[in-house]
2 protein chains.
Amino acid sequence: MSDTGGHEDPIEKIPVWCAGEDWCPVTTTATLIGKKWHPVIIHRLLEHGPSGFNELKEDVDGISSKVLSDSLEDLEEKQIVNREIISERPFRVQYSLTHHGDSLSPIIYAMRDWGLEHLSEPEDQTDSIV
Amino acid sequence: MSDTGGHEDPIEKIPVWCAGEDWCPVTTTATLIGKKWHPVIIHRLLEHGPSGFNELKEDVDGISSKVLSDSLEDLEEKQIVNREIISERPFRVQYSLTHHGDSLSPIIYAMRDWGLEHLSEPEDQTDSIV
DNA sequence: CGGCATCCACATGGATACTG
DNA sequence: CAGTATCCATGTGGATGCCG
């Protein structure tokens with residue numbers, strides 16, 4: 001952890017049960033970021049830069065504290081997100097992407113681009129959030 | 001369904017609860033392919049072309065009939081996979097990617113490339129050099 | 001502010017067995 | 001061959017409340 005220095009530790013290994021299969025990197029990567037809110041969190045950090053807990057919570061409308069906390073913990077374990085305490089009083093934390101996390105941007109943006117191209121807007125949308 | 005032709009129906013809509021947010025396409029796309037085996041199935045179909053049920057089951061080592069069946073049904077509903085009965089006796093089915101499914105290839109390959117670049121092999125011993 | 005504790009509902013996936 | 005039908009364990013997320 002705490003690799004703000006620029007050098008990164010080895011990340012998750014290929015699981016043994018699919019090693020050798022050419023789809024193994026696919027499913028392993030999907031497992032890393034495949035939880036419901038992980039891509040969104042990564043996208044927020046890509047777009048907005050380092051953020052505090054409640055900043056993320058506000059950004060990602062509808063996510064609960066527990067789920068955000070769990071997700072961030074999971075992302076931190078996977079060395080995708082870095083957690084840094086930037087102030088003790090008042091207590092402030094800053095989440096940012098590690099080098100590994102940042103390298104996921106092609107996937108995240110590929111998802112976004114696909115969505116923009118292939119998903120249609122809801123018709124009954126009354127614009128509520130700007 | 002069953003548009004093997006050159007023109008596709010509108011696919012899933014942007015959900016109302018996140019419409020307007022710039023991360024909304026991200027999470028919506030993630031929801032489409034974010035199940036455990038979806039990326040692998042899509043990858044198999046991209047690499048191997050149209051396949052039968054048991055072909056996929058053999059390819060994707062460890063997946064059970066039920067999960068594969070559920071996944072394919074889900075992918076079919078989402079117009080990512082096309083199911084075609086190619087023979088009644090003996091009963092044979094062929095699964096293939098729709099245009100929408102095929103258009104997901106940048107995401108799938110982005111996942112694979114990331115995995116190839118950032119994941120280490122399980123039996124590789126040159127991992128803990130810090 | 002930035003969480004964690006708890007409880008609960010539901011979704012997901014695995015194992016096994018069986019069918020047209 | 002191409003699935004279904006169960007049953008069950010676990011995962012995941014939501015709601016609420018509390019704490020340092």
Side-chain angles (χ1 to χ4, degrees), chain A residues 1 15-18 23 27-28 30-42 44-45 48 50-78 81-96, chain B residues 1-2 15-18 23 26-28 30-42 44-45 48 50-78 81-96:
Chain A
M1 314 309 174
V16 181
W17 58 267
C18 71
W23 47 266
T27 193
T28 307
T31 301
L32 280 179
I33 63 171
K35 312 244 173 165
K36 180 169 180 182
W37 295 106
H38 287 200
V40 178
I41 293 169
I42 296 169
R44 291 327 288 158
L45 293 174
H48 287 191
S51 309
F53 187 87
N54 282 331
E55 278 183 288
L56 287 170
K57 193 159 160 355
E58 296 305 311
D59 278 346
V60 184
D61 186 41
I63 195 172
S64 67
S65 295
K66 175 188 172 254
V67 175
L68 180 56
S69 181
D70 290 350
S71 301
L72 285 169
E73 189 181 359
D74 189 40
L75 288 168
E76 199 188 346
E77 276 173 20
K78 287 162 174 163
V81 158
N82 184 48
R83 181 178 186 269
E84 192 182 359
I85 298 174
I86 58 172
S87 164
E88 290 282 357
R89 187 181 61 261
F91 190 52
R92 277 192 166 273
V93 174
Q94 183 173 275
Y95 292 95
S96 55
Chain B
M1 308 307 168
S2 67
V16 181
W17 58 268
C18 71
W23 47 265
V26 177
T27 193
T28 308
T31 302
L32 279 180
I33 63 170
K35 312 244 172 164
K36 179 168 181 182
W37 295 107
H38 287 201
V40 178
I41 293 169
I42 298 169
R44 291 328 285 159
L45 293 174
H48 287 193
S51 310
F53 186 87
N54 280 332
E55 279 183 289
L56 287 169
K57 193 160 165 342
E58 295 304 312
D59 277 348
V60 184
D61 187 39
I63 195 173
S64 68
S65 295
K66 174 188 173 254
V67 175
L68 179 56
S69 182
D70 290 350
S71 301
L72 286 170
E73 190 181 1
D74 190 41
L75 288 168
E76 199 188 346
E77 277 173 19
K78 286 161 174 163
V81 158
N82 183 48
R83 180 180 186 268
E84 192 183 356
I85 298 173
I86 59 172
S87 164
E88 290 283 358
R89 183 196 50 84
F91 191 52
R92 275 189 168 274
V93 174
Q94 183 173 276
Y95 292 95
S96 55

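Given the structure is predicted, the values throughout are model-derived calculations rather than measurements. Just so we're on the same page: letters track the sequence lines, and every chain starts at 1.
Counting only heavy atoms from C-beta on, A:Lys36 has its side chain closest to D:dG14 among C:dG14, D:dG14, D:dG3. Taking the side chain of B:Asn54 as heavy atoms from C-beta on, and the options C:dT12, D:dG3, D:dC1, the nearest nucleotide is D:dC1. Checking C:dG3, D:dG3, C:dG2 against the side-chain heavy atoms of A:Ser65 singles out C:dG3 as nearest. For B:Ser64, the side-chain atoms get nearest to C:dA15 when compared with the rest of D:dT4, C:dA15, C:dG3.
Whole-Å rounding puts the B:Asp70 CG to D:dT6 P distance at 14 Å. We find that CD1 of A:Ile86 is positioned 11 Å from C1' of C:dC1, with the value rounded to whole Å. Rounding to whole angstrom units, CD of residue A:Glu73 and P of D:dT12 are separated by 13 Å. For the pair A:Glu76 CD and C:dC4 P, the computed distance is 10 Å after rounding to whole Å. Rounded to whole Å, atom C1' of C:dC1 lies 12 Å from atom NZ of A:Lys57. Atom pair A:Ile63:CD1 and C:dG3:C1' shows a separation of 13 Å (rounding to whole Å applied). Following rounding to the nearest Å, A:Lys35 (NZ) and D:dT10 (P) show an atom-to-atom distance of 15 Å. Nucleotide D:dT12 holds its C1' atom 13 Å from the CD1 atom of A:Ile41, rounded to whole Å.
Here B:Lys66 lies in heavy-atom contact (under 4.0 Å) with a base.
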Please report the C-alpha distance between A:Thr27 and A:Trp17 in whole Å, then the side-chain angles of each, then the deciding distance to 0.1 Å, and finally whether the side-chain contact (heavy atoms from CB on, under 4.5 Å) criterion is met. CA-CA 11 Å; A:Thr27 193; A:Trp17 58 267; 4.1 Å; yes
Run the side-chain contact (heavy atoms from CB on, under 4.5 Å) test on B:Val81 and B:Asp74 for me, step by step, so that the C-alpha distance in whole Å, both residues' side-chain angles and the decisive distance to 0.1 Å come before the verdict. CA-CA 9 Å; B:Val81 158; B:Asp74 190 41; over 6 Å; no
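Using a 4.0 Å cut-off, some side-chain N or O of B:Tyr95 falls inside it from OP1 or OP2 of D:dG3. Listed pair B:Arg83 / D:dG3 meets the phosphate criterion, a side-chain N or O lying under 4.0 Å from OP1 or OP2. Neither OP1 nor OP2 of D:dG14 sits under 4.0 Å from any side-chain N or O of B:Trp17.
Taking CD1 from B:Ile41 and CD1 from B:Ile63, the interatomic distance works out to 4.5 Å, rounded to the nearest 0.5 Å. To the nearest 0.5 Å, atom CD of residue A:Glu77 and atom CG of residue A:Leu32 are 11.5 Å apart. Put simply, CG on A:Leu68 and CG on A:Asp59 are 10.0 Å apart, with the number rounded to the nearest 0.5 Å.
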